[in-house]
Amino acid sequence: MLSKAPGMVTAADADSGSYGLITYSLGSGINSAVPSKFTIGKETGQICTTAALDRDQGPASFDFTVTAVDGGGLSSVAYVRVDLVDINDNRPAFYPLSYAVSLSTQSAPGTSVVRVTAYDPDSGKNGRITYKTVPGGASPYFTLNKDTGVISLSRSVYGKANSVVPMVISAQDGGGLVALANARVNISVVAGLVAPPVFEKTQYYFTVSEDVLRGTVVGIVQASSKTGISRDISYTISSGDPAGYFTVDSDTGALRTSLPLDHEAQSALDLEVQARSGNPPAFGQTRVHITIADVNDNPPVFLPSSSESLLLPEHTEMGTVVYRVQAEDRDSAVNGQLTFDLSSSNGLQRIFSIERSSGEIRLVGSLSYENTPRYDLQVIAKDSGVPQLSATFMLVVHVQAENDQGPVFDTLTYRVELKEGTPISTRFLQVRALNRETPTSGHVAPLAYHLRPDGDAAGFGIAADSGWLFVKSALDREVKDMYLLTVLASTGHGQLKKTGSATVRISVTDENDNSPRLTQERVFMAVRENLPPGTGFGHVLATDRDSGPNGRLAYRFLHPDRHFQINTHTGEISTRMTLDREQQSTYQLLVVAQDGGSPPRSATGTAFITVLDENDNDPVFIHSQSGKNIIIQVMSKEHKCCLAENKLLS
């Protein structure tokens with residue numbers, strides 16, 4: 001029987017002795033995986049957090065199950081839900097920070113001019129925002145709605161043409177926290193006859209792939225005045241892109257990428273682009289919907305882990321669904337569409353089958369403990385993208401003999417982590433089993449532990465009397481990162497011998513024992529002159545066989561360069577300024593790829609950059625100054641001659 005207390009679950013068992021000993025474990029909840037942010041005391045049932053919880057950045061609640069198992073193998077399950085209570089740990093923040101609008105002198109009082117907006121991820125009262133003008137930041141011509149942030153015209157501005165009215169607005173949440181930066185509003189009052197710029201479209205739709213280089217042109221927006229496209233029109237992104245993924249060329253209206261894109265983090269943006277002309281300026285607006293198209297850059301991931309084990313009685317009926325594998329793929333559409341297959345080795349196809357779309361594994365043959373006490377099922381999940389990506393899941397099936405009264409382990413699956421490079425003979429886990437036989441004459445037969453000599457057993461040993469597992473062979477995560485062992489506990493001899501089994505899943509954790517490697521130590525790139533700053537034109541790429549922070553690479557130039565910059569995360573090289581081939585046509589940069597280990601390891605390569613020519617220079621006569629004539633004298637009797645060689649300089 002299970003009961004719940006704050007931060008703790010408690011189970012009671014009426015049995016005595018070893019049968020009444022209870023151990024606890026966490027399991028997956030309703031449509032959710034086992035939560036990685038919680039652990040449970042194996043013997044106490046106390047639930048603890050393993051990481052800081054942030055309701056504003058993650059889920060507001062977690063659900064999972066707790067299983068209590070007694071010494072005789074009987075179990076009970078309780079459902080646990082953890083709700084996170086909000087605290088006021090976020091200030092309001094304005095986006096945008098600056099607002100520019102134009103207003104005709106013929107506008108009537110009550111007209112809505114602009115709405116300022118601040119955001120607060122807290123909930124309830126803590127996230128409720130009120131607005132007010134700061135001292136000296138108000139105007140008698142305009143009023144501010146404290147709840148909505150809408151600024152309205154309160155009195156006629158006739159006679160105020162050709163002026164700009166500034167306002168400064170602050171925001172405060174219900175818990176008393178104030179925005180660190182105030183919003184600034186400039187209201188341009190224009191004569192009633194002045195027409196603002198008009199965009200060719202009220203809504204633009206563009207699509208860009210998530211793997212494009214920085215500086216890639218996504219599309220062009222254009223506005224015109226009454227006399228057609230005007231040179232005095234300038235463009236800005238006024239809202240919709242707080243992270244700054246895109247920029248707009250103020251003169252041409254060309255929208256470009258300015259940061260690496262990620263479809264999985266943000267699949268679309270709705271921008272508002274402003275066009276301004278005149279002095280004081282009049283403004284026109286359009287909306288731009290940018291779709292960030294997916295590429296197949298995420299492999300499938302099995303939940304909650306890449307391996308599991310289960311116990312099946314040998315009389316299990318054929319056709320029974322024995323397990324359902326779960327996997328996800330962060331990509332979209334066909335790139336995230338998964339199918340499952342069973343490895344066909346060891347005759348598994350005759351015993352088990354898998355439904356390709358659902359991942360349900362069925363028993364389609366008969367089980368025999370005597371013939372095959374264990375099956376290692378390898379499930380492969382593949383997406384439908386190009387190139388196709390896949391992942392592998394290992395399911396270990398233990399067959400339980402009928403009327404088996406052999407020893408029972410305190411858990412079916414042990415999970416343990418070992419660092420690669422762990423010294424030989426290191427003891428790392430003690431398994432425990434209980435004898436289920438009724439003692440005769442007050443004597444309990446001792447248990448003997450051993451490993452089933454198959455699979456990964458050669459690299460490990462076990463003490464027969466104590467159940468302590470130890471390392472026998474060197475561990476290298478880059479060669480093998482997971483081992484599955486079957487531990488056996490036996491009692492009795494000969495025909496009276498009875499055996500129980502459990503699985504030990506050993507995950508090998510990473511040490512920073514590999515240096516990064518550049519795919520090319522010398523990489524050659526070309527970039528056109530006169531491109532705008534921030535234009536990407538090439539990548540350097542490195543790999544690191546380590547995992548986690550030890551394999552997470554950061555790129556930098558060995559010596560900072562005023563002409564170029566490199567993206568720390570992607571290795572993309574882009575311009576920092578407009579290049580002029582006639583000033584300098586080649587560059588040589590030393591690139592460093594460094595991992596996140598402690599201490600870090602690094603690799604160095606060279607990027608050779610050639611600046612390509614554009615026809616951006618007029619011909620120039622060598623022998624004359626600009627705008628001057630060339631004077632040539634010739635003898636009058638010469639009928640044929642070469643008067644002069646007029647050389648041109650390009």
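Just the heavy atoms: all of them, side chains too, but no hydrogens, waters or symmetry mates, feed the values below. It should be emphasised that the depicted structure is a prediction, and the values quoted were computed from it without experimental measurement.
- Tyr449 places a side-chain N or O within 3.5 Å of a backbone atom of Ala433 that can act as its donor or acceptor partner.
- Side-chain atoms of Ile47 and Tyr24, non-hydrogen and from C-beta on, never get closer than 4.5 Å to each other.
- Between the Arg601 side chain and the Asn512 main chain, a donor and an acceptor come within less than 3.5 Å of each other.
- Scanning for salt bridge (charged side-chain N to carboxylate O under 4.0 Å, His left out) contacts around Glu308 gives Arg415, with sequence neighbours left out.
- Between Phe564 and Phe557, the gap from one ring centroid to the other reaches at least 6.0 Å.
- One side chain, Asp546 or Asn514, offers a donor N or O that lies under 3.5 Å from an acceptor on the other.
- Counting only distance, with no hydrogens or angles, the side chain of Thr65 and the backbone of Ala78 share no donor-acceptor pair below 3.5 Å.
- In terms of modelled atom types and a separation under 3.5 Å, the side chain of Glu314 and the main chain of Tyr369 share a donor-acceptor contact.
- For the pair Asn90 (side chain) and Pro121 (backbone), a donor-acceptor distance under 3.5 Å is absent.
- Residues Phe352 and Tyr323 fail the side-chain proximity criterion, which asks for heavy atoms closer than 4.5 Å.
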Apply salt bridge (charged side-chain N to carboxylate O under 4.0 Å, His left out) to Arg214 and Glu572, showing your working.
CA-CA 8 Å; Arg214 277 192 301 180; Glu572 180 190 82; 2.9 Å; yes
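- Listed by first then second residue, pairs satisfying side-chain hydrogen bond (donor to acceptor under 3.5 Å, both in side chains) with a partner in residues 379-392 read Asn296-Asp383, not counting sequence neighbours.
- His398 and Thr503 are linked by a side-chain donor-acceptor pair at a separation below 3.5 angstrom, with hydrogens and angles left out of the test.
- Each of Asp510, Asp595, Asp544 was compared with Asn550 under the side chain to side chain donor-acceptor pair (under 3.5 Å) criterion, and only Asp510 meets it.
- Under the 30°/60° scheme for interplanar angles, the aromatic rings of Phe409 and Tyr414 are found to stand perpendicular.
- Looking at Arg256, its side chain never comes within 3.5 Å of a backbone N or O of Thr535 through a donor-acceptor pair.
- Side-chain N/O atoms of Gln565 and Ser574 include a donor and acceptor closer than 3.5 Å.
- Looking at residues two or more places apart in sequence or on another chain, you find a salt bridge (charged side-chain N to carboxylate O under 4.0 Å, His left out) between Asp456 and Lys480.
- Contact of the Ile361 side chain with the Leu395 side chain is registered, since non-hydrogen atoms from C-beta on lie closer than 4.5 Å.
- The main-chain N or O of Phe246 is never found under 3.5 Å from a side-chain atom of Thr257 such that the two would form a donor-acceptor pair.
- Remark: the backbone N or O of Asp241 is paired with a side-chain donor or acceptor of Tyr95 at under 3.5 angstrom.
- In this structure, Tyr483 and Val416 have side chains that are not in contact, with every pair of non-hydrogen atoms separated by 4.5 Å or more.
- Closest approach of Leu553 and Ala542 over heavy atoms only: CD1-O, 3.4 Å.
- A donor-acceptor pair under 3.5 Å is formed between the side chain of Asp294 and the backbone N or O of Ser332.
- Met482 and Met394 make their closest contact through CE-CB, 4.4 Å (heavy atoms, listed as atom of the first residue, atom of the second, distance).
- The two residues Trp468 and Arg427 have their closest heavy-atom pair at CD1-NH1, 3.3 Å.
- A donor-acceptor pair under 3.5 Å is absent between the side-chain atoms of Glu328 and the main chain of Leu303, judged by distance alone.
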